[in-house]
Amino acid sequence: MSKFANERVRDLTPYTPGEQPKDAQYIKLNTNESPFPPSERAMRAIDRRQLEDLRLYSDPEATELTQAIARALDVPPQCVLATNGSDETLAFCFMAFCDARGVRFADITYGFYPVYAQLFGIPATLCPVDESLRIDPQAYCNVGQTVLIANPNAQTGIALTRDQLRRVIETNPDQVVVVDEAYVDFGAQSCVPLVAEYPNLVVVQTLSKSRSLAGGRIGFAIAQPHLIEDLKTVKYSFNPYNLDRLNIVLAAQAMADRETFRTRCEQIASVRETFKRALDGLGMQYTPSQANFVLAKHPKIDGATLQRKLKEQGILVRHFTDPKIADYVRITIGTQEQMQSLTQAIARITEAI
């Protein structure tokens, strides 16, 4: 850290992203990306004219994408804000809706939440997950703080029901409740249908997982227009041209390609359930994930060692050091063939112990 960094930056503990290897020698199951390429319809939308138009600034309203999201989710366009990844949406929420009363989120959840709280000087209340790593929705009712819940939860894949989240929203009428649905498309219930009912609800989604555009960095917020205007005030005070021209086109076509979206989500969910049965056969414990990953542990080996030994065999998974999940590894759901390779590798490692 240089002598010029201010006190807030000096005190920051930044987010640590998952390993992104510079070669293709690994089976990459560590960052919850899709094993499938983007929609063919989306990729065909980029032509020479689109490339030539890069000389021009992008549409700050991302109108084509905003309308595509609205059509896909059956909401009015004025209830949509497109952003540079859902991380930017979340950052805008921290800036727009959090104050000295603080923000409340789980102690085991997406690692960017505490980073944003620290970066923006927002007091954070961490609510412990229970022994089964589940979020207790009651801990978020009547709290007098901004509420942030990842559903399904980011490290466990465990989801709350829409009715459980409805209760949280209803009991915090004077605070914004942000529901981060990065993984919702793989089997959980979305809160988007609740947006029309509740003026304090913001739903955050991404095209990184279920629409295979992690490298495109496209996310969005769904909320009633007054909350979208708050988020736009932050956006236009920070980066009006937050999405580039190519990604607006790609994302709009990906949202419109509902058949590819549905098929890919069903494939990943099916492989996930098959993989859970394989974990049963290996004697492993795992969370009841409804996301595109599974958090799993083996009684014979700690999570850090399993992660390291799998990497030695050419397979990347994610390990977290928090004591509650240190025995686990988080495994992204890849293709059926990739999961079979992983299962075989785990068997080799554990049989040698």
K235 with E88: basic N within carboxylate O range, under 4.0 Å = no
key: Verify same cluster id: V271, I27 (apolar side-chain graph, 4.5 Å)   = yes
Polar side chain donor-acceptor pair, K28 to T31, under 3.5 angstrom = yes
query = To the nearest 0.5 Å, how far apart are CZ in R41 and CZ in F261?
reply = 14.0 Å
Point-to-point distance, once rounded to the nearest 0.5 Å, from OH of Y140 to OG1 of T171 = 12.5 Å
inquiry  = Under 3.5 Å, is there a donor on one side chain and an acceptor on the other for R245 and Q50?
reply    = no
query = Cation over ring, R330 on F320, under 6.0 Å and within 45°?
reply = no
request  = Go through the side-chain N and O atoms of T161 and D163 and say whether any donor and acceptor fall under 3.5 Å apart.
outcome  = no
message = I'd like to know if the side chain of S208 pairs up with that of R217 as donor and acceptor (distance under 3.5 Å, no hydrogens or angles considered).
response = yes
key: Short side-chain donor-acceptor distance under 3.5 Å, Y15 and D87   = no
inquiry  = Ignoring hydrogens and geometry beyond distance, is a side-chain donor-acceptor pair present between N32 and Y183 at under 3.5 Å?
reply    = yes
message = Just so I know, are the side chains of C141 and R167 near enough to count as touching, which here means a heavy-atom distance under 4.5 Å?
response = yes
Gap between atom CD1 of I331 and atom CD of Q338 - 0.5 Å precision = 12.5 Å
key: Sidechain N-carboxylate O distance under 4.0 Å for K324, D107   = yes
key: Residues T109 and N153: side-chain donor-acceptor under 3.5 angstrom   = yes
ask   = Only one of K276, H298, K300 clears side chain to side chain contact (heavy atoms under 4.5 Å, CB included) with M284; which?
value = H298
query = Do T233 and E229 get their side chains close enough for a donor-acceptor pair, meaning under 3.5 Å?
reply = no
request  = Work out which heavy atom in F105 is nearest to a heavy atom in L148; give both atom names and the distance.
outcome  = CB-O, 3.3 Å
key: Electrostatic pair E273-R277, nearest N-O below 4.0 angstrom   = no
ask   = Are I248 and Y57 connected in a single hydrophobic cluster, I mean Ile/Leu/Val/Met/Phe/Trp/Tyr linked by side-chain heavy atoms less than 4.5 Å apart?
value = no
task = Identify whether I333 and V317 are in the same connected component of the hydrophobic contact network (ILVMFWY, side-chain heavy atoms under 4.5 Å).
result = yes
query = Is a side-chain donor or acceptor of T66 paired with a backbone partner of E61 at a separation under 3.5 angstrom?
reply = yes
key: CD/Q20: more than 12 non-hydrogen atoms of other groups inside 6.0 Å   = yes
query = Does atom CZ of F238 have more than 12 heavy-atom neighbours from other groups under 6.0 Å away?
reply = no
request  = Supply the atom-to-atom distance T156 OG1 to I108 CD1, rounded to the nearest 0.5 angstrom.
outcome  = 9.0 Å
Expected output: side-chain Y328 to main-chain D302 donor-acceptor under 3.5 Å = no
task = Consider only side-chain heavy atoms of I, L, V, M, F, W and Y, link residues closer than 4.5 Å, and tell whether L342 and I349 are in one cluster.
result = yes
key: Nearest atoms (heavy-atom pairs only) where A254 meets S39   = CA-CB, 4.5 Å
request  = Verify whether one side chain among Q175 and N200 offers a donor that lies under 3.5 Å from an acceptor in the other.
outcome  = no
Aromatic ring pairing Y116/F112, orientation class (parallel under 30°, perpendicular over 60°, tilted between) = parallel
message = Pair R318, E19 - check salt bridge (Lys or Arg N to Asp or Glu O under 4.0 Å), show working.
response = CA-CA 8 Å; R318 192 85 186 265; E19 181 178 358; over 6 Å; no
task = Decide side chain to side chain contact (heavy atoms under 4.5 Å, CB included) for E266 and R262; before the verdict, give the C-alpha distance in whole Å, the side-chain angles of both, and the deciding distance to 0.1 Å.
result = CA-CA 6 Å; E266 289 176 353; R262 181 188 62 80; 3.0 Å; yes
message = Within the 4.5 Å heavy-atom criterion, are L310 and Q307 side-chain neighbours or not?
response = no
message = What I want to check is whether the side chains of R101 and Q145 have a donor and an acceptor closer together than 3.5 Å.
response = no
key: Interatomic distance, R104 atom CZ to N172 atom CG [nearest 0.5 angstrom]   = 9.0 Å
ask   = Between D244 and N247, does any side-chain donor sit less than 3.5 Å from a side-chain acceptor?
value = yes
query = Can we say E52 and R49 salt-bridge, meaning some charged N sits less than 4.0 Å from an Asp/Glu carboxylate O?
reply = no
query = Does a sphere of radius 6.0 Å around CG in D74 hold more than 12 heavy atoms from other residues, nucleotides or ligands, not counting ones at 6.0 Å or beyond?
reply = no
note = For C98 and V103, the nearest pair of non-hydrogen atoms, with its separation, is SG-CB, 3.9 Å
request  = Give the cluster check for V147 versus I122: same hydrophobic cluster or not, with ILVMFWY residues linked at side-chain heavy-atom distances below 4.5 Å.
outcome  = no
task = Find the distance between CD (Q344) and CD (Q340) and round it off to the nearest 0.5 Å.
result = 6.5 Å
